[in-house]
Structure formats: structure tokens, C-alpha cells
Amino acid sequence: MKENNLHIQNTLSRKKEKFEPLAPPFVGLYVCGPTVYSPPHLGNVRTFLAFDIVNRYLRYLGYRVRYVRNITDVGHIANSEGEEVDRIGEQAKKENLEPMEIVQKYTLDFHEVTHIFNMLPPDIEPTATGHIPEQIEMVDRILKNGFAYERNGSVYFNIPEFAKTHDYGKLSGQNIEEQHEGYRELDAQDEKHDVRDFAIWKFTDETHPMRWNSPWGEGVPGWHLECSVMSTKYLGQKFDIHGGGMDLKFPHHECEIAQSLGADGTEPVRYWMHSNMLTMNGQKMSKSFGNSILPRELVSGEHELLDQGYSPMTIRFFMLQAHYSSPLDLSNEALKAAEKGYKRLMEAYKVIQTMPLRDAKNVTDTDKEVNDTIDGIFVEMDDDFNTPKALAHIFELVTVINSYRDNRPEYAGVSKATMERLREVFTATINDILGLKVEETADDNTVDGLMQLIIDIRQNARANKDWTTSDLIRDQLDALELQLKDGKDGTTWTRK
RNA sequence: GGUCGCGUGGCCGAGCGGUUAGGCAGGGCUCUGCAAAAGCUCGUACAGCGGUUCAAAUCCGCUCGCGACCUCCA
């Protein structure tokens with residue numbers, strides 16, 4: 001494990017705390033995954049990207065991470081505007097498919113999206129339907145401990161009872177007494193004793209194709225239960241980091257805490273992390289607002305709010321330029337700026353892979369400055385995964401790389417050892433920590449050879465001062481979105 | 001109504017008590033056959049009004065504006 005000073009903003013304490021895993025070098029990381037009834041939109045991508053960085057950086061530091069991210073494939077009965085909705089079941093009807101066909105379709109879709117954005121897969125990706133017996137057992141433990149009651153085949157978590165001995169609402173800062181205000185009125189048929197109670201097992205009749213036998217009759221597990229069960233099963237009753245989008249803080253994560261305490265008497269999570277929302281025109285991206293953009297729409301540019309497409313790595317870079325805990329607004333202007341910045345970054349990345357390094361005659365203060373900038377990357381990553389600041393240092397190093405390549409005298413005093421370190425850290429930061437990669441097309445090897453030939457021909461023309469030919473070549477290539485760059489040591493090319 | 005958070009230069013976005021954030025765009029310069037690329041350099045911003053302090057974008061109060069959550073949500 002590398003020496004580190006990692007601090008994490010803990011939602012539970014509202015403080016930045018030094019990260020001390022329960023059992024180093026092992027780290028348990030749980031992230032709430034998607035409900036697979038529709039394609040993931042870009043807001044979902046942002047959240048999973050935030051925790052991809054957490055996962056990657058912990059691994060870079062040498063921790064042995066077990067990253068668990070669930071797939072919610074049960075049609076939980078969600079209460080939407082007074083209607084009871086099973087989203088997977090609804091979608092199945094809409095598409096005329098079996099619920100499990102919907103689950104499969106959108107699970108594959110989700111995996112494809114995480115793949116194009118270069119996210120590392122979780123180590124365990126458990127499904128809710130694969131853990132029905134464990135969920136039933138957990139309901140049973142909560143019942144036995146007196147924190148739940150059964151009504152007509154459903155089981156509800158008893159918040160007033162739980163709140164007698166526990167602080168329900170501590171994660172989200174909710175005051176349970178005042179919560180009554182915002183709640184919908186209980187209607188006459190409602191089985192709950194208290195509006196704040198939530199279902200941990202829900203009775204369903206034969207109109208729901210997905211249902212399971214339980215000691216309380218046929219039904220489905222409650223939404224919050226699966227995460228408690230699966231995190232416990234794979235990471236233990238108490239584990240290191242639990243992440244998710246801010247909008248899950250209440251009630252989902254609050255309920256998870258209550259369930260773990262109610263079933264096992266254990267405070268389940270040591271560090272709670274919440275990522276902020278992606279907004280579009282200042283509003284949270286959401287299907288119900290009609291302002292959500294699908295990843296493939298942003299890549300292709302086929303969306304009424306976009307005037308061009310952006311590559312997956314441009315989008316990833318764009319998101320990393322903001323801190324995960326701040327809201328981020330998506331706009332054409334910001335994406336275009338990111339596109340150019342990303343390109344400059346990756347050009348420097350390519351340069352340093354092959355750039356010859358020289359022995360310095362006299363090592364100057366610049367050498368120390370370069371080392372300090374390199375150190376700065378880790379100082380910032382250690383500070384609650386501050387990717388925008390880490391990128392700021394990376395860009396300072398882009399200037400160092402370009403200047404060194406151009407033999408600028410200011411960098412003559414940087415030692416070969418420092419440049420080797422720069423190469424190593426720059427490469428590792430881009431690839432392993434930030435998960436950015438050069439986006440090459442499949443035919444680049446052939447094109448590379450052809451381009452070298454064209455560059456040689458043009459070089460001959462230039463040597464003969466045949467500017468007509470040399471400019472013709474350059475302009476025609478430019479029209480093909482291929483850019484020539486004449487440098488001191490010859491000409492290189494890049495895609496525009 | 002309750003809880004939490006935010007308002008930074010033309011745009012995006014860090015910073016959260018004293019020191020250059022960074023990216024993009026724009027101006028100037030260097031290099032170059034010309035251009036591009038690259039490098040150097042310039043802009044001097046912190047919603048408003050008060051207060052604390054030797055010192056505030058950063059702390060406190062008020063005002064205005066915006067957003068998230070309050071059992072669908074990443």
C-alpha cells in the first residue's frame with residue numbers, strides 16, 4: 001500500500017475524515033446500482049463515474065478493493081403520485097416482453113454504457129432477484145427484534161418504534177417529528193401505522209408476474225432492503241464506503257441504516273459518500289422533466305438541445321473537471337471547451353510516451369517545481385478525490401512536456417530522473433486514476449503509414465521551396481480533418 | 001412548511017481567512033516560408049448590503065436569486 005493521506009467527505013459526520021479502512025489493505029466499497037427498466041441517462045453516468053474514480057484511486061494507492069454494485073431487477077412497488085407502480089412490470093407491458101427480458105435488455109445496455117465510458121466493472125454485481133431468501137431472512141430478523149409489523153401479507157418497518165432507541169434521520173438531517181409536514185395523507189386503505197413507516201416486504205397479487213413465496217404470503221421485497229442484504233452478504237455487517245447519488249440519501253440510505261440496525265444492531269457504513277446531480281439548463285436531469293439525455297445521444301449529437309456530438313472520453317473529461325460533490329450543468333459551450341482541452345491533454349500524453357529524455361547539466365529550481373507539481377496531483381486526489389484540481393496540475397505538466405519537447409531553455413535544468421518520474425506519473429494518472437484513454441480509430445495503423453508517406457513527400461516539396469505543393473497537401477488534409485504540425489524536429493499529424 | 005446546498009472573470013469550473021487554480025474563448029509576442037500547433041504574456045472576478053478581523057471570494061447577519069431532498073429518482 002502506498003503512503004497516503006486520503007480524506008473523504010463523510011455525509012454522516014458532515015466532515016472530511018481521514019480514511020482508515022476497517023481491515024487494511026482491504027476496502028469494502030458498495031454503490032447503489034441502477035434499476036434496469038430503461039436505458040441509463042447521463043445523470044446516472046455521472047454518479048457511476050464518481051465512484052469509478054473512488055474505486056480506481058483506492059486501487060492505485062494499493063488497497064485491495066472489493067467493489068460491489070447491485071443491479072435492481074425487482075419491480076419494486078413504487079408510490080408515484082398516489083399510484084402504485086411496478087416500473088419493470090410496466091415497461092414489460094409497454095414493450096410486450098417478460099419482466100426478465102426487460103431486466104436483461106437494460107442490464108446489457110447499462111454494461112455497454114459503463115464500458116464506453118471506460119469504467120472498471122465491479123468485483124461483484126449482485127442482483128436483487130438472486131437474493132430473495134436472504135431478504136426474507138432479514139425481514140424476519142427485523143420482525144423478531146420488534147422493529148417491524150405485518151399487515152395483510154406486507155411487512156412494514158416501524159419508524160416510531162425504531163426512533164425510540166435510534167436517531168432516524170441522522171444521515172440526511174431530517175427531523176422525524178417535522179417530517180409529518182411534507183408527507184402525503186394516509187388514505188383509509190393504508191396499512192401503515194405511521195406515514196413514515198416503509199415496506200420491507202410487500203404483498204402482491206397475481207396481476208404482478210414477479211412475486212415470491214414468503215412466510216407472509218406471496219410478494220416482493222421492499223426497495224431499500226436489497227442493498228442492506230447484499231452489502232451485508234458480500235462486505236459484512238460493517239464495511240468501509242457506501243456511495244450513491246445525493247437523491248438517494250433520503251429515504252433510501254436512511255432506511256438502509258435503519259434496516260441494518262434493526263436486523264443486526266450494527267451501524268453498517270463508516271464513510272457515506274454522495275455525488276451531486278447533473279443538471280441541464282439548471283435543472284436536475286430527469287426523465288420526468290424531459291431534460292434527460294442518453295449517452296448515445298450525446299455521443300452522436302442527435303438531440304434537439306445539442307449542436308454536435310462529443311466523444312465518450314470528452315464527456316468523461318468534462319465531468320472530471322467538476323468535483324463530484326458539486327452540481328454540474330451540461331451545455332454545448334462547456335462541452336466544446338472540454339473537447340479542446342481534452343485534445344490538448346492527450347496530445348501531451350502521446351508526446352511524453354516517446355519523447356527522448358536528456359541528462360541535465362545543471363539541475364535548477366525548475367526541477368523542484370516540476371516535482372512539486374507532480375506531488376500536487378496526489379495531494380489533491382487525497383483531498384476527497386479532487387479531480388478538477390488534480391487536472392489543473394496535470395495541465396501545468398502539459399506545458400512542461402511541450403516546453404521540454406521544444407527544448408526550451410527554462411527546462412534545461414530538469415533532471416532525467418524527474419522527467420522519468422513525470423512520464424510515469426502522468427501516464428498512470430491519465431490511464432489508471434482518471435481512466436482517460438486515447439480514442440483511436442481501428443484503421444489508425446494504416447493511416448499512420450500513409451500519413452508518414454505524405455509528410456515525407458511534402459517535406460521534399462518544402463525543401464525545394466515548392467510552397468504550392470506543400471500547401472496543397474496541407475489544405476487537402478485539413479479538409480479531411482487531419483492536421484499537420486510543423487515543429488523544430490519535423491512534422492507530426494493529428495486528427496482534428 | 002421542514003432539511004441541505006449554491007450564486008466566482010466572456011463561458012465552464014476550483015478555491016473556503018493572507019499566496020497564480022485550471023480549461024475554453026479573446027488581445028499581444030516568440031517560433032514558422034506562410035499558417036496551424038506549441039511556448040511566453042495580458043484581462044484582474046468572487047449576487048447585494050452590513051459586520052468581525054491587521055487581513056474576507058473565504059467567517060457572521062440580513063436581503064435577493066437558484067437548486068436538491070422531504071417514500072419515483074443517480
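Just so it is clear, the values below take in all heavy atoms, side chains as well, and ignore hydrogens, waters and symmetry mates. In this text the structure is predicted, and so the values were computed from the model without any measurement.
R316(A) meets the side chain to side chain donor-acceptor pair (under 3.5 Å) test with D52(A); sequence neighbours excluded. The side chain to side chain donor-acceptor pair (under 3.5 Å) test applied to T418(A) returns D367(A), N371(A), S415(A), not counting sequence neighbours. The side chain to side chain donor-acceptor pair (under 3.5 Å) search around H274(A) returns T11(A), H253(A), not counting sequence neighbours. Listed by chain and number, the residues in a side chain to side chain donor-acceptor pair (under 3.5 Å) with N402(A) amount to none (sequence neighbours excluded). For R408(A), the salt bridge (charged side-chain N to carboxylate O under 4.0 Å, His left out) partners two or more places apart in sequence, or in a different chain, are D406(A). For the salt bridge (charged side-chain N to carboxylate O under 4.0 Å, His left out) test, no residue two or more places apart in sequence or in another chain qualifies with K340(A). With sequence neighbours excluded, the residues forming a salt bridge (charged side-chain N to carboxylate O under 4.0 Å, His left out) with E95(A) are K105(A), listed by chain and number.
At the phosphate of G23(B), neither OP1 nor OP2 sits under 4.0 Å from any side-chain N or O atom of K343(A).
At a threshold of 4.0 angstrom between heavy atoms, the contacts of G173(A) are confined to the sugar-phosphate backbone, with no base atom among them. No contact: N407(A) has no heavy atom under 4.0 Å from any strand.
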Dot-bracket pairing map - RNA chain B, Watson-Crick plus G-U, both contacts under 3.5 Å, | cross-strand: (((((((..(((.....[...))).(((((.......)))))....(((((..]....))))))))))))....

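Distance from the side chain of K340(A) is smallest for C24(B) among the nucleotides A74(B), A68(B), C24(B).
Heavy-atom distances to RNA chain B give each of M277(A) and H224(A) a nearest nucleotide, and the one nearer the 5′ end belongs to H224(A). Along RNA chain B, the nucleotide nearest to F317(A) and the one nearest to S172(A) differ in position, and the one closer to the 5' end is contacted by S172(A).
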Enumerate the protein-to-nucleotides 26-29 of chain B contacts in which both atoms are nitrogen or oxygen and the separation is below 3.5 Å.
none

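Between Y271(A) and H7(A), the distance from one ring center to the other does not fall under 6.0 angstrom. If you look at F198(A) and F157(A), their ring centroids are closer than 6.0 Å.
Nucleotides C12(B) and G17(B) place their C1' atoms 26 Å apart, quoted to the nearest Å.
No side-chain donor-acceptor contact under 3.5 Å links D197(A) to the backbone of K192(A).
One can place CG of N332(A) at 16 Å from P of A25(B), the figure rounded to the nearest angstrom. Rounded to an integer number of Å, the gap from H274(A) NE2 to C70(B) P is 13 Å. A straight line from CD of E254(A) to P of A68(B) spans 20 Å, rounded to a whole angstrom.
Counting only N and O atoms by type, the side chains of S325(A) and Q9(A) include no donor and acceptor under 3.5 Å apart. Side-chain contact annotation: E17(A) with S13(A), donor-acceptor N/O pair under 3.5 Å present.
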Counting primed atoms, P, OP1 and OP2 as sugar-phosphate and everything else as base, the B/S/- map of nucleotides 33-42 of chain B against protein heavy atoms under 4.0 Å is BBBBSBSS--

A correct 5'-to-3' footprint of nucleotides 5-19 of chain B, with B, S and - meaning base, sugar-phosphate only and no protein heavy atom under 4.0 Å, is ------SSSSS----

Output a table of donor-acceptor pairs, distance under 3.5 Å, between side-chain atoms of residues 34-43 of chain A and any protein atom two or more places apart or on a different chain; print 'none' if there are none.
| unit_1 | atom_1 | unit_2 | atom_2 | d |
| --- | --- | --- | --- | --- |
| S38(A) | OG | K287(A) | NZ | 2.5 |
| H41(A) | ND1 | N44(A) | OD1 | 3.4 |
| H41(A) | NE2 | N44(A) | OD1 | 2.9 |

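Taking the ring axis of Y30(A) as reference, the NZ or CZ atom of R69(A) does not stay both within 45° of it and closer than 6.0 Å to the ring centre.
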